[in-house]
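We name chains A, B, ... by the order of the sequence lines, and we start the count at 1 in each one.
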Amino acid sequence: MNEQKHILSILVENKPGVLSRIVGLFSGRGYNIESLCVAETMDPLVSRITLVTMADTPVVEQIVKQLHKLINVIKVYELTGSSYVQREMSLIKIQAKPEYRAEILRIVDIFRCKVVDVGQEHYTLEVTGDEGKMTAILNLLKPIGIKEIAKTGIIALFRESNGGLKDKD
Amino acid sequence: MKLTGAQILMKMLKEEGVDTIFGFPGGVVIDIYDELTKTDIKHILVRHEQGAVHAADGYARASGKVGVCLVTSGPGATNTVTGIACAYMDSIPMVIFTGQVPTQLIGNDAFQEVDIVGITRPCTKHNYLVKRTEDLARVVKEAFVIAASGRPGPVLIDIPKDVSSTKITYKEPKKIELKSYNPTYSPNMKQLHKAVKLIKNAKKPIVFAGGGVVLSKGSKELTELAHKTQTPVTCSLMGLGVFPGTDRLWLGMVGMHGTYRANMCTGDCDLIVAVGVRFDDRVTGKIDTFAPNAKIVHIDIDPTSIRKNIPVTVPIVGDCKITLSLLNKLLDKEDLGNLKTKRKKWLDQVEKWKRTTPLAYKQKNIIKPQYVVEKLYELTKGKAIITTEVGQNQMWAAQYYHFKKPNHFITSGGLGVMGFGLPAAIGAQLACPGKLVVDIAGDGSIQMNIQEMATAVQYGLPVKIVILNNQYLGMVRQWQELFYDKRYSGTNMEHAPDFVKLAEAYGAVGLRATKPEEVESVLKKGLSSPKTVIMEFVVEREECVYPMVPAGAAITEMLLA
Ligand SMILES: Cc1ncc(C[n+]2csc(CCOP(=O)(O)OP(=O)(O)O)c2C)c(N)n1
Ligand SMILES: [Mg+2]
């Protein structure tokens, strides 16, 4: 199978149970979810779900159609294949023995991230970026000793030159 | 105007034109039941909530209207799940009202509390938990719109006890506005033109119609298309009746137990005009060998049905009836040439398949189930509304009863629910009081909702139940015979009630035939009775349904005997 990563941006009515309908659709039909982000949009009656899934083309076509079929789903955009910006944020708790502190701070500087918590034995870093940046910084931090990571999952929007998230159809 | 939730509900039901509700009461719906007596809505008290849902389903399928049921919370609600899943699979418009514990108790594991909205989320078109009486009117309105429009389906509304008892100042709900719900009825004309071209150029086309044509009431348009283009027609189980079973162009049902000629046609055709179908695995057989030479035009109102299982040449999203009538108009403007000569070879081939390998059985000294169905067809002149249970009985009904009109074959196609036929017959009989309604049943299935005999008798519903008693869970036994070396595990049903006495115990009429020569007289006697009747036919125990496409085989690889 030609599985590929697809980023779906789903506008839904901000009502109880809506997320459960979406997640239930994925589990019930055997689609996978790599990551999922949900929050209100400017309009408090509408939420945006950014969902990353691995699927081949016919499956992603089905996923989009199935999502549309849910009564509470307002719009589904597939971002993959067009121009979009994506970001993910991670909190990385890392061992910070004195001999490594300078190295850690150098990495923080290069990756333009922040130290948001400092303890006797650890730093917690806040990193924002696209997937490439996340992988790169993790690779550098791993040998130093990562204790814990919390990731937001990807959020994404069309680039404005594309007409933004206005109706294309 | 001050109204309680229960009063608002009655008002809305009247506005929606509901005349019949199938239900079963309990603590949290007493307020609603109390209001119900003050209306002229007929309440049919079933004997099990599953029966209520299947009855509402049968009512909907026979009448084309939305079926409605009302049950209590907890076990009342969970008992509806099979019925709801069945209606969902077959796209039947229904609204199911479940009672719920009072809002302040929700989440506390209160007595008879279940999260029925959570449980039915994957098997309803949509569902609601109404938390405020103020929302009730709007929700009911939305539910009826959603249930009946687009690809229809069941909608569940969960109503907590306090929501139905609280009195509020009633305001007419605004015109409902479903932000994102907007089914496509009119097809894309460009796609239609492409379809016309394919139809014009096809040498060996077939039309393949399904339940979508029944639901959109497009039978007339479908028949016109077939005649206009001299194209033979096959149907899925759900489509039976949309094209006359007596027409020269009729191929019979396609699929696992389809006719030889219908299955051979799909293997050999160069074009399938598929209307209101979803290419279920029981139709396609081994998917990558299905219709290897065919281009496919696929018309359906639900975009997810298209390209879900098979690749399609021309996808057309739209209502079947509207699309077919536009297609017919476009075809009228085309010069289709001399179809008689153009189609001769193809139709001759079809005729040959029909002649050499028809549906067949040999009636000897034990009653053959097929014979019973054939006799039933003759005696009712093909005009009865037939419901079925599930298994061999269902397939023989589909094969040997030749339906002339839609809404006359009522069967659990997608979910295959044993126990569907009797309650569905009750619903159909209520929808069509003057019609003959017959449940073609198996001895196993009929016992799954046999309690509804009491319902039929209580309301004086003259439904007729034809039990093809092979003392087996026959369809499963057939698989065991053919693919498991006759190891009959868990399928012997020799121990059954005396169905004649059972009928009588319920206050119905019970008749039995054990010899072929008794079949006709029992049928005649039973069908002419004004009462609820069980007719038991003690049939050949190890009869199999043929043709049969073994699971996983190509549709053209049929076992014929
Ligand atoms: C509720 C339910 N349970 C199990 C099955 C599986 N099943 C399909 S057909 C069948 C046998 C039905 O037996 P019977 O009603 O006697 O019909 P026959 O095949 O003998 O005509 C069974 C068990 C089903 N379809 N539905
Ligand atoms: Mg049986």
Counting neighbours of CG on B/Asp109 that are heavy atoms of other residues, nucleotides or ligands and sit closer than 6.0 Å, is the number greater than 12?
no

Evaluate whether atom CZ of B/Arg138 has more than 12 neighbouring non-hydrogen atoms of other residues, nucleotides or ligands under 6.0 angstrom away.
yes

Does B/Lys161 NZ have over 12 foreign heavy atoms under 6.0 Å away?
yes

For B/Lys131 versus A/Pro16, what's the shortest heavy-atom pair and its separation?
NZ-CG, 4.4 Å

Those residues of residues 301-316 of chain B, ordered by number, that approach chain A below 4.5 Å (heavy atom to heavy atom):
B/Asp302, B/Pro303, B/Thr304, B/Ile306, B/Arg307, B/Lys308

If you check every heavy atom in residues 65-72 of chain A against those of chain B, which residues fall under 4.5 Å?
A/Lys65, A/Gln66, A/Lys69, A/Ile71, A/Asn72

What residues of residues 19-27 of chain A sit under 4.5 Å from chain B when you count only heavy atoms?
A/Ser20, A/Arg21

If you draw a 6.0 Å radius around CD in B/Gln104, do more than 12 non-hydrogen atoms from other residues or ligands fall strictly inside?
yes

Is there any residue in residues 126-149 of chain A with a non-hydrogen atom under 4.5 Å from a non-hydrogen atom of chain B, and which ones are they?
none

Contacting moiety of B/Leu129, where chain A heavy atoms sit under 4.5 Å:
neither

Can you tell me which portion of A/Val76 sits under 4.5 Å from chain B's heavy atoms? Options are side chain, backbone, both or neither.
neither

